Amino acid sequence: MNSLRLTAACFLLVTLTASAQEPKADMPLTANPVYQQNCAKCHGKTAEGRFMAGPSLVSDKTSAISPDTLRNTIANGKHRMPKFGEKLSPPDIDALVTQIKAQQIEARKK
């Protein structure tokens, strides 16, 4: 009985750990902890940019940028934007790109 409980506990722990590490591409950009910890300081809590900091991620100009270019910019930096390729995992970067594109679509609806 104890080994069954131990096996169940190990399975639960592995499942929770795996799901905690999966990118959350279906959540809003601004609710993503990766965005809040790494991007909001410059791009703002609402992703609409900050004066003399990062540009809006929902602007028409940014909306015209392809997902591959966004992914490359996040990973390798550009101008004053630092590189995040060594700090963030590829799934985290992919989730951010997906969320940025989804946020742009929502902003155009308003």
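Note that the numbering runs from 1 along the sequence shown for the chain. Values below: all heavy atoms of this structure, side chains included; hydrogens, waters and symmetry mates excluded. For clarity, every value in this text was computed on a predicted model and none was experimentally measured.
- Scanning all heavy atoms of the two residues, the minimum distance from A53 to C42 falls at CB-O, 3.5 Å.
- Note: the hydrophobic cluster containing V34 also contains M81 (ILVMFWY, side chain heavy atoms under 4.5 Å, direct or indirect links).
- Judged by distance alone, with hydrogens and angles left aside, the side-chain atoms of R50 form no donor-acceptor pair with the main-chain N or O of P55 at under 3.5 Å.
- One distance of note links CG of L88 with SG of C39; it measures 7.0 Å at 0.5 Å rounding.
- Partner of Q99 under the side chain to side chain donor-acceptor pair (under 3.5 Å) criterion, chosen from N32, D94, T30: N32.
- The line from NZ of K83 to OG1 of T73 is 12.5 Å long, rounded to the nearest 0.5 Å.
- Cluster membership check: I65 shares its hydrophobic cluster with I93, using side-chain heavy-atom separations under 4.5 Å among Ile, Leu, Val, Met, Phe, Trp and Tyr.
- Remark: Q104 engages K101 in a side chain to side chain donor-acceptor pair (under 3.5 Å) (not counting sequence neighbours).
- With hydrogens and angles left out, the side-chain atoms of D92 and S89 include a donor and acceptor closer than 3.5 Å.
- Taking CG of L29 as the reference point, atom OH of Y35 lies at 5.5 Å (rounded to 0.5 Å).
- Residue L57 is not grouped with residue M27 when hydrophobic side chains (ILVMFWY) are merged at heavy-atom distances under 4.5 angstrom, including chains of intermediate members.
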Side chain to side chain contact (heavy atoms under 4.5 Å, CB included), that's the test. Do Q36 and K45 meet it? Break it down for me.
CA-CA 7 Å; Q36 290 300 324; K45 292 187 181 211; 4.3 Å; yes
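- Here the side chains of I100 and Q103 are not in contact, with every heavy-atom distance at 4.5 Å or above.
- Residues satisfying the side chain to side chain donor-acceptor pair (under 3.5 Å) criterion with S59, sequence neighbours excluded, are T62.
- Taken from CG in L96 to CG in N38, the straight-line distance is 8.0 Å, to the nearest 0.5 Å.
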